[in-house]
Each structure stands twice: as structure tokens, then as C-alpha cells.
Amino acid sequence: MNDAPPDHIAEALLAWFDVHGRHDLPWQHPRSAYRVWVAEIMLQQTQVATVVDYFNAFMSRFQNIHALAAADSDAVMAHWAGLGYYARARNLHAAAKAVVADHDGRMPDTVEALMTLPGIGRSTAGAIVAQAFERWAPILDGNAKRVIARLAAIQATPGTAAYEKSLWRLAEQYTPHERITDYTQAIMDLGATLCTRRNPRCDSCPLASACLARRQGLQARIPAPRKRKARPQRETVVIVVSDDRGRVLLEKRPPAGIWGGLWSLPEKPAGQSVEAFCREYLGIAVAPGARLASVAHAFTHFELLIHPQQVQLIDTVRIMESSLQWYARDDWPGLPAPIRRVLDTHQQVLAL
DNA sequence: AATACGGGGTC
DNA sequence: GACCCAGTATT
């Protein structure tokens, strides 16, 4: 345990924040529960620089929670395309509907109530309570975890229950009752700009004198890196077919799993022939076409080699499922990044 | 308690 | 190319 009083930590951090903190993030002006909430969801496992443009576009299209709740699922997913972790978008949309239906469109203002909404866990709930409602609540995002682990020289293995429990306990102790909104922003800013994963800039840190990791020379080794497993390799074949109007056939993927809820090129199951898949699932008769250049895509937990198989459309043999649709290039829905690359690369050949 | 879930930034 | 990021839900 750190021997510096929690009050002193918060004071030093807030004084630093006033000068060096981030005060111009889009969700800070104006600051509303809806905007803070959307930002927090986008920021889960995603860096600020990546989020800013998505946030601004999302806010322009869905200006308030009622607009989001009433929006079409495809429109929401299209605004998330490229951000990743698409369950976040589905949960956000579902939560907006729940807040409109059950809370008259007003975001709940307690950690417990917020955590009943899909996609909101303890840390995100705390961030919303502190930043939108200016009420006391600890947060424990990646930045706060790193700052606190170093401050208290916590050497337990990240990811274990003991590690999480001790960090939450410390987060509660450090969180002040004054200036809760600024404190929450301040600890994230410190972690993002000074107390970084590698090469922490302790010389400029307002908490350096209180930091146990620094005193012990352990700041570069806390938190310990996670051990990683080798990523398995997978392969898949996707079907590229266009009609006589230059439209390409896309498939809305099921809600669960990779790219859940996103439109993509139809993915052929292993063990089924291209012709059979096109006839039985896509409802089209085709002739084999060119095998286009394969595209490699790295996920967190495996690597996927995508083989785009072009086919020539002969005839539409039955009405297609609603999860299948012809799309002109001008109004493509949101597509996974590697799939968009495939279509962009071959648009000339495909005459899209 | 461990794993699934994306894409991009960084060094 | 490895590692990480304003984590949560599921098993």
C-alpha cells in the first residue's frame, strides 16, 4: 500500500490536469450523458485518436438517444464499420431502445442501474456517473489500471481476480469526492500521455515522488505483460458476384461471432462446393470465375486468409433471404476493412 | 478463471 | 511483428 494519503494523490493529479490534461475532446463539449455514453463505448479497447472521427460522424447522424433508438440497425452498424468489436454497436443500440422504453429516454445515473444495460460494465458505468452526472464513482480503464498498479507497485499478474480486486479497491481509495469529473479525466490523461505502457516519463509525472514502482525501479516492469499464445491460422472462401447492373451480392452476418451484424461478402462453409453454396444458399446459378488475390487479415486471436472467389451470374433461381442483398457501389453498407479492400482492389475487374 | 471479440497505433 | 488500447459478455 502506498504511504501517500489518497487526498494528496488526487490533489497533485488535479493540479497537473489543469495545466497538462486534455480539455478539448469532442465528448467534453457539450458534455451530456448521451455523448459521454457513446464516447465511452467507442473508447472500449480503442484509442482516442481512432475514435474522434467516428464519434463526430455518429453524433451528426444520431443526435440524441431517441434518434439512436429509432434508427435502423444497418445504419448504426454502418457508422461502426472499421471500429471493430461490433457487439458494442449492437449493445449500444439495444441499450438506447431500453432507455427510451423503460426510463423515458433519460440515462440512468447510478452505477448499478447503468450496469443493467448491455455493453456497460463497471468501469464504463463509473465513467458515465463521474463524467456526465458529476457524482462519485471510481473507474478502472486501462489507463487507471496502469497508473494505480505502478503507484502501489502491484505485482500480481494482470487478468487474475486478485489483481482486479486489489486495483478496484485502490481505485476507490484514490477517487476524491471533490472534482470527480476532472479527476476521472485526469487519471486517464496521465496514463495516456505520461504513464504509458513503455517508457513512462516519470521525470514529468506529478505522482513520481509517491510512486512505489518508481522508488523500486519497477516502473518499466509493472504491469507485467500478458503471456500470449500463438495465433492459429484459418482460411475461408468468400464469393464475389455482380449482376448486370454492377451491383455486388452481400450477406448480413449473424449477430454473434466475427463481424457480427455487419454486411460482408458471402462466406462459403468449408466442405461445400462453390456451385452448391451459390445454388442452395445464395439462390443463384453461377459459372466458376477467377480466383482473386487472397487477403490476409489479423484478428486478436487468429489470422484469417481470405480467398475471394469470383463467379459469373447465370440466373437467379429463387427469391433470396433478407440477409442477402444486391448493393451498388454508391450505397454499400459498412463493410469489414479487409472485405472493403477486396472490393476496392478489384472494382475495375468486377465492373462495379 | 479463461476466452471471445477488431482494428489501428506504436515502437 | 509484437504488444497494447477509455472492457464487456460469455462459458
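Keep in mind that what you see is a predicted model, and the values were worked out from it rather than measured. Proteins get letters first, then strands, A, B, ... in listed order; numbering begins at 1 in each.
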Colleague: Between A:Asp102 and A:Lys97, does any side-chain N to carboxylate O distance fall below 4.0 Å?
Modeller: no

Colleague: A:Leu43 or A:Met115: which one's nearest nucleotide on DNA chain C is closer to the 5' end?
Modeller: A:Leu43

Colleague: Can you measure A:Leu140 atom CG to C:dC5 atom C1' for me and round it to whole angstrom units?
Modeller: 14 Å

Colleague: For A:Arg146, answer base if it contacts any base atom (sugar-phosphate contacts may also be present), sugar-phosphate if it contacts only those atoms, and nothing otherwise; contact means non-hydrogen atoms under 4.0 Å.
Modeller: sugar-phosphate

Colleague: Hey, does A:Ile139 reach any base, or is it just sugar-phosphate, or nothing, if we go heavy atoms under 4.0 Å?
Modeller: nothing

Colleague: Return the CZ to CG distance between A:Arg135 and A:Asp109, rounded to the nearest 0.5 Å.
Modeller: 4.5 Å

Colleague: Thinking salt bridges, do A:Arg279 and A:Asp315 make one under a 4.0 Å N-O criterion?
Modeller: no

Colleague: Please report the distance separating the P of B:dT3 from the corresponding atom of C:dA6, rounded so that it comes out in whole Å.
Modeller: 23 Å

Colleague: Would you give a per-nucleotide map of nucleotides 5-11 of chain B, 5' to 3', where B means the base has a protein non-hydrogen atom under 4.0 Å away, S means only the sugar-phosphate does, and - means neither?
Modeller: BBBBSBS

Colleague: Keeping the roles fixed (side chain from A:Trp27, backbone from A:Val38), state whether a donor-acceptor pair exists under 3.5 Å.
Modeller: no

Colleague: Kindly say whether A:Phe299 contributes a backbone atom to a donor-acceptor pair with the side chain of A:Arg231 at under 3.5 angstrom?
Modeller: yes

Colleague: Could you check how far CZ of A:Arg22 sits from C1' of C:dA6, rounded to whole Å?
Modeller: 8 Å

Colleague: Taking any heavy-atom pair under 4.0 Å as a contact, classify A:Ala161: base, sugar-phosphate, or nothing.
Modeller: sugar-phosphate

Colleague: Could you tell me whether A:Val48 contacts a base, only the sugar-phosphate backbone, or nothing, with contacts defined as non-hydrogen atoms closer than 4.0 Å?
Modeller: base

Colleague: Check whether any side-chain N or O of A:Arg150 sits under 3.5 Å from a backbone N or O of A:Gln219 as a donor-acceptor pair, and report yes or no.
Modeller: yes

Colleague: Under the ring pair (Phe, Tyr, Trp, His ring centres under 6.0 Å) criterion, do A:Trp263 and A:Tyr327 qualify, and how do the steps go?
Modeller: CA-CA 10 Å; A:Trp263 288 87; A:Tyr327 275 97; 5.1 Å; yes

Colleague: Over how many whole Å does the gap from A:Arg231 atom CZ to C:dA2 atom P extend?
Modeller: 7 Å

Colleague: What residues form a ring pair (Phe, Tyr, Trp, His ring centres under 6.0 Å) with A:Tyr163, not counting sequence neighbours?
Modeller: none

Colleague: Quick one, which residues of residues 176-191 of chain A touch DNA chain C with a heavy atom under 4.0 Å?
Modeller: A:Gln185, A:Met188

Colleague: Using whole Å, what does the distance between atom P of nucleotide C:dA6 and atom CD of A:Gln131 come to?
Modeller: 13 Å

Colleague: Could you tell me the separation between the CD atom of A:Glu164 and the C1' atom of B:dA2, rounded to a whole number of Å?
Modeller: 12 Å

Colleague: Need one value for A:Trp27: base, sugar-phosphate or nothing, where a base atom within 4.0 Å counts as base even if backbone is also close, heavy atoms only.
Modeller: base

Colleague: When all nucleic acid strands are considered with a 4.0 Å heavy-atom cut-off, which category describes A:Leu92: base, sugar-phosphate, or nothing?
Modeller: nothing

Colleague: Is the NZ or CZ atom of A:Arg122 positioned over A:Trp168's six-membered ring, under 6.0 angstrom from the centre and within 45° of the axis?
Modeller: yes

